**Student:** 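I'd like to ask you about the structure that follows.
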Amino acid sequence: MKQIVCLFLGVLLAVFPATGQNTVVAPEPIAAEVGIKILMQGGNAMDAAVAIGFALSVTYPQAGNIGGGGFAMVYRPGNEPVALDFRETAPSAAARNMYLDRNGNVIPGASTLSASSAGVPGTVRGFSELWRCYGHLPWKRLLIPAIHLAKEGYQISSYQHQAILSHFKKLSADTGSCRIFCPGGKALPVNILLHRPALAKTLKKIANHGAWEFYRGKTAGKFVKELKKKGGIITLSDLKNYRALWRTPVHIKFNGDDLYLMPLPSSGGIAIGEILGMLKNFNAAGLKANSVETIYLLAEIEKRAYADRNTYLGGPDSFPVFWQRLLMPAYLEKRAAGIRPNHATPSAGVFPGLGPVETSGLIIKESPQTTSYAVMDRKGNCVSVTYTLNGSFGNGILLEKTGILLNNEMDDFSAKPGTPNLYGLVGGIANAIAPGKRMLSSMTPAIVLRNGRFRMALGSPGGSTIITTVLQTYLNLSLFSMNAKEAVAAPRFHHQWLPNVINLEPQLYENKILTERLRKSGQRLQRVRKLGNAIIIFRPDNGKTEAAADPRGSGVTRIQ
Ligand code: GLY
């Protein structure tokens with residue numbers, strides 16, 4: 001009898017999932033409020049994700065955007081999560097050596113600061129696709145808050161002021177950006193109201209005519225014309241041909257969880273899959289959060305995973321990438337077997353598992369580029385989004401006629417295999433520039449299920465450190481039994497193969513016993529101010545949803 005009742009209850013729960021609370025985690029409070037309002041108006045998580053994304057294009061211009069691209073992981077109760085790829089593509093006029101001089105050397109700033117560093121934007125098409133497939137409220141309604149914020153203005157926070165100050169040189173070098181962010185040669189002060197009339201008009205047109213406006217309408221024409229004057233190479237047909245693509249997530253099983261991670265062109269899913277797959281060859285259950293043993297072992301594993309990432313991975317649609325081999329248990333067992341206890345392998349001695357690559361060394365530059373947010377509605381639908389302009393404020397070029405800030409995502413290609421990009425990542429041939437190709441990313445929006453039920457939504461900005469931030473946040477929740485707040489706050493470390501250092505956040509770096517033991521085992525260490533800026537929605541066994549924004553950033557949570 002008991003079994004029949006349980007079975008009946010199980011079927012009921014699958015058909016009528018329990019109603020929970022509306023939950024939003026976003027990088028700043030205004031956009032979080034927009035998300036909650038959309039949910040309270042009867043919108044679902046997908047509607048709210050679109051509305052938050054458009055709002056952030058106004059209120060969080062360092063990464064929120066309509067001129068960039070990104071990824072979303074989408075979960076509907078009873079269904080496997082699906083991945084939406086709205087990554088930028090290389091324009092049709094792009095060429096493999098476009099950022100090299102006559103001697104074959106990378107031209108400084110060409111792939112980060114010039115108008116030709118912009119890839120074909122994917123965000124508007126991506127949001128439109130998310131809404132077309134799963135949205136509930138009318139499209140226009142989702143853009144109203146962003147239009148209002150751009151037209152009526154929003155208050156500059158101290159976090160925003162700091163972001164403008166940090167990128168003052170880049171922003172003041174462009175007339176469009178300078179007029180908006182550094183009027184009179186000064187960074188916008190805290191509390192001033194910032195109005196974005198040109199952006200408001202563009203958003204209104206997108207509200208009225210849909211993504212068509214951005215890719216084929218008047219906005220497309222103005223965008224291409226102004227960009228060309230600045231030296232950009234995106235054409236009308238590049239915009240017309242842009243597609244957002246649904247992809248099958250990388251599915252990894254670990255510690256009783258089913259992780260659904262972003263597939264190529266993100267390297268995140270494959271890299272986390274490799275790391276967890278190697279970790280299975282050790283006594284993971286015996287590890288403690290941030291102990292010497294854990295940091296040592298994960299750093300050794302990460303060196304090997306990033307060596308593979310940098311060598312073999314690239315946009316999947318124009319280059320054959322045999323990534324499945326990297327996740328085979330036998331391959332990972334062999335790779336893990338090379339890890340020695342208490343005797344670190346220097347990066348120069350770690351080779352990609354399927355063949356050689358050129359090497360280089362550069363200190364990574366971590367900055368708050370990119371942004372992540374997540375939404376869950378009462379019915380349990382959940383969306384985790386990470387989208388970006390690449391560098392903070394992209395390449396710093398703002399097209400005045402449309403109010404659009406340009407991405408500098410072309411820098412995520414390997415301009416010259418073996419040469420580090422903005423994040424110090426050294427790429428291989430698989431990620432060489434080609435027309436129409438998507439550049440390799442590290443962005444890793446993730447959904448984790450357990451026994452077919454929602455467990456976590458995760459994400460983080462941070463360039464190459466996104467992978468290890470999402471990984472550690474996951475391990476903190478799953479393996480180290482932390483709650484959501486503890487899991488985002490815990491100190492982080494990161495190794496990306498090249499350069500040969502473990503980056504440690506101050507709390508770890510200042511622990512003398514820990515650093516002494518790590519150094520003794522052959523690890524090289526470096527202090528970094530912070531790593532990542534994670535977001536979490538977590539449903540532990542007690543069924544009570546928790547949400548947390550990283551204390552490293554300006555993010556907030558709203559549960560209603
Ligand atoms: N632009 C950073 C990334 O895609 O990983």
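When reading the values below, keep in mind they use all heavy atoms of this one structure, side chains included, and skip hydrogens, waters and symmetry mates. Whatever order the structure lists them in is the order used to number ligands and atoms, beginning at 1. Residues take their numbers from the sequence shown, with the count starting at 1. Predicted model only: the values in this text are computed from it and were never measured.
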**Student:** Below 4.0 angstrom, N of the basic side chain to O of the carboxylate: do Arg309 and Glu274 qualify?
**Tutor:**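 Looking at Arg309 and Glu274, the cut-off is not met.
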**Student:** Can you pull out the closest protein heavy atom to atom 5 (O) of ligand 1? Residue, atom name and distance to 0.1 Å, please.
**Tutor:**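 Protein heavy atom with the smallest distance to atom 5 (O) of ligand 1: Ser442 N, 2.8 Å.
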**Student:** Between Tyr215 and Tyr242, how do the two ring planes meet: parallel, tilted or perpendicular, split at 30° and 60°?
**Tutor:**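 Parallel: the ring planes of Tyr215 and Tyr242 meet at under 30°.
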**Student:** Do Arg87 and ligand 1 have an N or O pair less than 3.5 Å apart?
**Tutor:**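 Min N/O separation from ligand 1 is below 3.5 Å for Arg87.
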**Student:** Roughly how far apart are Met439 CE and Asp412 CG, rounded to 0.5 Å?
**Tutor:**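 Nearest 0.5 Å value for the CE-CG distance: 7.0 Å.
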**Student:** Looking only at protein heavy atoms, identify the closest one to atom 4 (O) of ligand 1 and say how far it is in Å.
**Tutor:**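 Nearest neighbour among protein heavy atoms for atom 4 (O) of ligand 1, to 0.1 Å: Ser441 OG, 2.6 Å.
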**Student:** Verify side chain to side chain donor-acceptor pair (under 3.5 Å) between Thr112 and Asp411, making sure each step is shown before the conclusion.
**Tutor:** CA-CA 6 Å; Thr112 50; Asp411 188 58; 5.6 Å; no
**Student:** Parallel, tilted or perpendicular for His251 and Tyr260, by the 30°/60° rule?
**Tutor:**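 The rings of His251 and Tyr260 lie parallel, inter-plane angle below 30°.
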**Student:** Taking 4.0 Å as the limit for heavy-atom contacts, which would you say applies to Glu88 with ligand 1: side chain only, backbone only, both, or neither?
**Tutor:**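 Answer for Glu88: neither.
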**Student:** If you count the atoms of ligand 1 from 1 in the order shown, which ones are under 4.0 Å from a heavy atom of Met443?
**Tutor:**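 Heavy-atom distances to Met443 below 4.0 Å select 3 (C), 4 (O), 5 (O).
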**Student:** Taking Asn503 as the fixed residue, which of Gln526, Lys530, Arg529 is the one that meets the side-chain contact (heavy atoms from CB on, under 4.5 Å) rule?
**Tutor:**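 It is Gln526, the one option of Gln526, Lys530, Arg529 that forms the side-chain contact (heavy atoms from CB on, under 4.5 Å) with Asn503.
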**Student:** In ligand 1, which numbered atoms sit nearer than 4.0 Å to a non-hydrogen atom of Asn390?
**Tutor:**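 The list of qualifying atoms is 1 (N), 2 (C).
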**Student:** So which bit of Asp412 gets within less than 4.0 Å of ligand 1, heavy atoms only: side chain, backbone, both or neither?
**Tutor:**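 Asp412 to ligand 1: side-chain contact only, backbone stays beyond 4.0 Å.
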**Student:** Check whether any N or O atom of Thr370, backbone or side chain, sits under 3.5 Å from an N or O atom of ligand 1, and answer yes or no.
**Tutor:**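 Looking only at distances, the answer is no, because the N/O contact criterion of under 3.5 Å is not met.
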**Student:** Salt bridge check: are Asp550 and Arg552 linked by an N-O gap of less than 4.0 Å?
**Tutor:**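 Here Asp550 pairs with Arg552 in a salt bridge, since their nearest N and O are under 4.0 Å apart.
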**Student:** Does ligand 1 have a heavy atom under 4.0 Å from the side chain of Glu409, from its backbone, from both, or from neither?
**Tutor:**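 It is the side chain that gets close, since no backbone atom is under 4.0 Å.
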